[in-house]
Amino acid sequence: LAAGCTWIHCTDPEALGQVIEPCRAADAILTLQGSPAKVMDTRVHGVILGPGDTPAAEVREYLGPHAIIGCTVTTLFEILNLAPLDVDFFVLDAPAAQASEIISLARAKGVKQRISALNGTPAHLDAGADALLTADSALLNIL
């Protein structure tokens, strides 16, 4: 956050208490992994849903229109099924070569939501990803 990060995605429920206040102080977005109830309890910005989590439409109804909702996807089919819903962005879990084709086809089909690459690399950005979801601090030196 001190280096300018504007969005933290917390995957560790144990660490949540340590990041809420620093994120608020830095006016950074804070999302959680797959816990709409925890989002509601803590009043953080939103959630990223994974396979097997509560369906996005139900989460939107529960959290309301202002919550940020992302969905982890692995295929174009998943993106196209979720795109008409009130989903804010996708987290694509695919190698860069496969991501390139998925992102290109999604855009050709009219998908407007941002597509971030899970465990992304600079190759994912070259493939058309809008952002990277990564814990690799070495990327800070090359991006």
Can you find a side-chain donor-acceptor pair between E101 and S104 that sits under 3.5 Å? no
Once ring-ring contact (aromatic ring centres under 6.0 Å, His included) is applied, what residue pairs with a partner in residues 65-95 remain, sequence neighbours excluded? W7-F89
NZ/NE/NH1/NH2 to OD/OE distance under 4.0 Å, D12 and K38: no
For residues I102 and V111: do they belong to one hydrophobic cluster (side chain heavy atoms under 4.5 Å, members Ile, Leu, Val, Met, Phe, Trp, Tyr)? yes
With rounding to the nearest 0.5 Å, note down the distance linking OG1 in T42 to CG in L16. 5.5 Å
Shared ILVMFWY cluster between V87 and L80, side chains joined below 4.5 angstrom? yes
dist L76:CG -> Q98:CD (nearest 0.5 Å) comes out at 10.5 Å
Mind running side-chain contact (heavy atoms from CB on, under 4.5 Å) on V73 and V91 for me, showing each step along the way? CA-CA 6 Å; V73 295; V91 177; over 6 Å; no
V59 vs V47, side-chain contact (heavy atoms from CB on, under 4.5 Å): CA-CA, chis, key distance, verdict: CA-CA 9 Å; V59 172; V47 64; 3.9 Å; yes
For the pair Q33 (side chain) and C10 (backbone), establish whether a donor and an acceptor sit closer than 3.5 Å, ignoring hydrogens and angles. no
Please say yes or no: joined through hydrophobic side-chain contacts below 4.5 Å, possibly via intermediate residues, are V39 and L133 part of one cluster? no
Do any N or O atoms from the side chain of H124 and from the backbone of A94 form a donor-acceptor pair under 3.5 angstrom? yes
When hydrophobic residues are tied together by side-chain contacts of less than 4.5 Å, even through go-betweens, does Y62 share a cluster with I68? no
Could you measure the distance from the SG atom of C71 to the CG atom of L82? Nearest 0.5 Å is fine. 4.5 Å
When you check the gap from the basic side-chain N to the acidic O, do D88 and R60 get nearer than 4.0 Å? yes
If you count every heavy atom of other residues, nucleotides or ligands that lies below 6.0 Å from D41 atom CG, does the total exceed 12? yes
Please determine whether side-chain contact (heavy atoms from CB on, under 4.5 Å) holds for the pair I103 and L92, giving the CA-CA distance in whole Å, both sets of side-chain angles, and the decisive distance to 0.1 Å. CA-CA 9 Å; I103 294 168; L92 180 58; 4.0 Å; yes
Mark yes or no for whether N81, through its side chain, and E78, through its backbone, hold a donor-acceptor pair below 3.5 Å. no
Value rounded to 0.5 Å, distance of CD in Q113 from CG in D86: 9.0 Å
Summary of ring-ring contact (aromatic ring centres under 6.0 Å, His included) pairs that have at least one residue in residues 10-60, sequence neighbours excluded: none
Just wondering, do I48 and T72 contact through their side chains at under 4.5 Å, heavy atoms? yes
Could you check whether any side-chain heavy atom of S116 comes within less than 4.5 Å of a side-chain heavy atom of L132, counting everything from C-beta outward? no
Return the set of residues passing side chain to side chain donor-acceptor pair (under 3.5 Å) with R114 (not counting sequence neighbours), or none when no residue passes. none
Step by step, would you call T11 with H9 a side-chain contact (heavy atoms from CB on, under 4.5 Å)? CA-CA 6 Å; T11 59; H9 177 65; 3.6 Å; yes
From L85 CG over to I69 CD1, what is the distance, rounded to the nearest 0.5 angstrom? 9.5 Å
From CG (L105) to CD1 (I79), nearest 0.5 Å: 9.5 Å
So which heavy atom on R107 is nearest to which on K112, and how close? NH1-C, 3.8 Å
Cluster link L49 to L32, ILVMFWY, side chain under 4.5 Å: yes
On a heavy-atom basis, which atom in L125 and which in A129 lie closest, and how many Å separate them? CD2-O, 3.5 Å
Looking at D93 and L118, would you say the former's side chain and the latter's main chain have a donor-acceptor pair under 3.5 Å? no
